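The next block holds one structure in the form of structure tokens; read it before the comments.
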Protein chains: 2
Amino acid sequence: MLWGLRPVEPQAAHGLAVDLLRRQIHAGLLLPAERLPAERQLSDKFGISRVTLREALRVLETHQYITVRRGAQGGAFVTDEDRLTQLARRRMSRAPAAAMRVVEFLTVNQLAAARLAAARRGTADLKRLRQATDMMHSALNAPQRKQAEALFLLALGDASQNPLLARAIEDGLAELFLPFEGNLPDGSAVDALKSFENLLRALEREDASASEVAMAELHVLLWAAIRRMTRNAA
Amino acid sequence: MLWGLRPVEPQAAHGLAVDLLRRQIHAGLLLPAERLPAERQLSDKFGISRVTLREALRVLETHQYITVRRGAQGGAFVTDEDRLTQLARRRMSRAPAAAMRVVEFLTVNQLAAARLAAARRGTADLKRLRQATDMMHSALNAPQRKQAEALFLLALGDASQNPLLARAIEDGLAELFLPFEGNLPDGSAVDALKSFENLLRALEREDASASEVAMAELHVLLWAAIRRMTRNAA
DNA sequence: TTTCATGGTCTAAGAAATAGACCAATTGAA
DNA sequence: TTCAATTGGTCTATTTCTTAGACCATGAAA
């Protein structure tokens, strides 16, 4: 029985590059106003020609994810924080239900990853997790916090030693595109940091159930944030 | 911070067609010895030219997923059951750990789908689920049982109304490629059928916790099967 | 034997991507 | 002010992938 025969959608090389960069911006790995490598370097890393990379940059520019300046010290820069927040809010308000579904998916898979990582994490995994936690401490603003949290969760996925879980978390984070929360309600950033630290410690001592508890705490905060945002968006 | 800069991998159109068909064979949706539509029809459904489709068929033929015969009543046929079982076993024995990871991933996401589907399934979803259950009853052999189970689980994913969960289940099933179990140990096929029916009934009466229980029963059987196969493979 | 649905082959054309050279703008150091 | 270096912008020739369509070869069934 042939099932769900839909037209195949060949992704052009420049389209893949667009996705790759857009996902990193959504996940918060690329900071606002951050400068990307020069075209010649980027095309080299992606394994595509410069012409093709430039097509990708043009698309991202059109969608206002980046701006491009030329001359020495020029290059492609991620859009500024305000604009990114605006893009994120627009996306959230266009399909608030979709955002809830993504969080649902992340909840399930991150919880599983936390449980498994407690038993399987290696020392290299712990190192990445600690570095991410340190970044949360030294973060000066919302984008830096978001970046550190994304790095932590990606490291958690890898620490589970399950490539499909890791991929699921990566996809979920890339799909989410949460706006930076300028003014958090009553120190929820502090709560989140505490829970991340609890999770880190649980992973260090291979305590699976404590890991799940800490992860669940984080999800409570995430759900609260999502509810707040979808309410504001509506 | 630019993260994980790997070369982009543009998928050629024929490569996508290969994946699509291979996934359906892995998941058991395409039965052994089943005949695919004629090239002109298939290329039309995929939205690619006949030449490109033929490239895909050539790849699948090389990997022994299909055989191609010409003349009237000819066409592309899925390989016979023995050969498919052999391919599945080879894959399983090459990376038994990978198969366990896939099952891990499916366990998590199917459980979540079962819980959510209990609250969200529509009548169309129930219809698909019942049809799949009926197919299990009338199945005459292992491939038909596997096909019906795959259809049930895909329907479950859709019934959860969460596209990411549905996609995760689809990916997991396509990745798994379990060999057909010719001789099951002491009627575990009967146990599985019973659990599927319990799940269906729980979904019908919107009982989330009963759905989870039934799903968990199925996972116990799946884990037992996986353990048996990886042991045999080793 | 004939029919005809089906795979097999060929050609001409177009679309996408590549490598590499060269131009244009901008900055900062001399 | 001038110049060198860096970076984006543009152009060309070439290769690879894909397409549309025509026509040939095979083989089962009428």
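Chain naming here is simple, since letters A, B, ... match the order of the sequence lines and numbering starts at 1 in each. Small disclaimer: the values here were computed from a predicted structure and weren't measured. All values below come from the heavy atoms of this structure, side chains included, with hydrogens, waters and symmetry mates left out.
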**Request:** Write down the distance between CD1 (A/Ile48) and C1' (C/dA16), rounded to a whole number of angstrom.
**Result:** 12 Å

**Asked** Between B/Glu81 and B/Asn141, do the side chains contain an N or O donor and an N or O acceptor separated by less than 3.5 Å?
**Response** no

**Fill in**
Between A/Gln73 and B/Gly47, whichever has its closest DNA chain D nucleotide further toward 5' is A/Gln73

**Request:** Mind calculating the distance between CG (B/Leu42) and P (D/dT19) to the nearest angstrom?
**Result:** 14 Å

**Message:** Within the 4.0 Å heavy-atom criterion, would you say B/Val51 contacts the bases, only the backbone, or no part of the nucleic acid?
**Reply:** base

**Item:** B/Leu53 CG - D/dA20 C1' separation (whole Å)
**Value:** 15 Å

**Message:** Could you tell me if the side chain of A/Leu16 sits less than 4.5 Å from the side chain of B/Glu9, heavy atoms only?
**Reply:** no

**Message:** Starting the side chain at C-beta, find the nucleotide from D/dT18, D/dG9, D/dA28 nearest to B/Ala72.
**Reply:** D/dA28

**Prompt:** What is the distance, rounded to the nearest whole Å, between atom CD of A/Gln41 and atom P of D/dA5?
**Reply:** 17 Å

**Request:** Could you say whether A/Gly74 or B/Ala13 is positioned toward the 5' end of DNA chain D, judged by the nucleotide with the nearest heavy atom to each?
**Result:** A/Gly74

**Prompt:** Nearest-Å distance, CZ (B/Arg35) to P (C/dG7)?
**Reply:** 7 Å

**Message:** For A/Thr67, give me all partners under side-chain hydrogen bond (donor to acceptor under 3.5 Å, both in side chains), at least two apart in sequence or on another chain.
**Reply:** none

**Asked** Quick one: are A/Leu165 and A/Ser160 in side-chain contact, heavy atoms under 4.5 Å?
**Response** yes

**Asked** Looking at D/dG8, C/dG7, C/dT18, which one has an atom nearest to any side-chain atom of A/Glu39?
**Response** D/dG8

**Item:** Short N-O contact, B/Arg22 and B/Asp19, less than 4.0 angstrom
**Value:** yes

**Asked** How is B/Gly15 classified with respect to the nucleic acid when contacts are heavy atoms under 4.0 Å: base, sugar-phosphate, or nothing?
**Response** nothing

**Prompt:** Looking at residues at least two apart in the chain, or sitting in another chain, which of them share a side-chain hydrogen bond (donor to acceptor under 3.5 Å, both in side chains) with A/Arg6?
**Reply:** B/Glu170

**Item:** Lys/Arg N to Asp/Glu carboxylate O, B/Glu55 vs B/Arg58, below 4.0 Å
**Value:** no

**Prompt:** Taking five pairs at each end, how big is the angle between the two axes of the helix from C/dT1-D/dA30 to C/dA30-D/dT1, to 10°?
**Reply:** 10°

**Message:** Can you see if the side chain of B/His14 gets near the phosphate of D/dT18 - specifically, an N or O under 4.0 Å from OP1 or OP2?
**Reply:** yes

**Request:** When you get a sec, tell me which of C/dA17, D/dG9, D/dT19 is the closest nucleotide to the side chain of A/Ser49?
**Result:** C/dA17

**Prompt:** More 5' along DNA chain C: A/Arg50 or A/Arg70, using each one's nearest nucleotide?
**Reply:** A/Arg50

**Prompt:** Any side-chain N or O of A/Thr52 under 4.0 Å from OP1/OP2 of C/dA16?
**Reply:** no

**Integer-rounded Å distance: C/dG8 P and B/Glu61 CD** = 7 Å

**Prompt:** Below 6.0 angstrom between ring centroids: does that apply to B/His26 and B/Tyr65?
**Reply:** yes

**Message:** Please pick, from C/dT9, D/dC17, D/dT10, the nucleotide with the shortest atom-to-atom distance to any side-chain atom of B/Arg54.
**Reply:** C/dT9

**Request:** Quickly work out the B/Leu57 CG to C/dG8 P distance and round it to whole Å.
**Result:** 9 Å

**Request:** Round to the nearest Å and state the distance from A/Glu9 atom CD to D/dT18 atom C1'.
**Result:** 17 Å

**Message:** Need one value for A/Arg40: base, sugar-phosphate or nothing, where a base atom within 4.0 Å counts as base even if backbone is also close, heavy atoms only.
**Reply:** base

**Request:** Between B/Ala76 and A/Glu55, name the one whose nearest nucleotide on DNA chain C is closer to the 5' end.
**Result:** B/Ala76

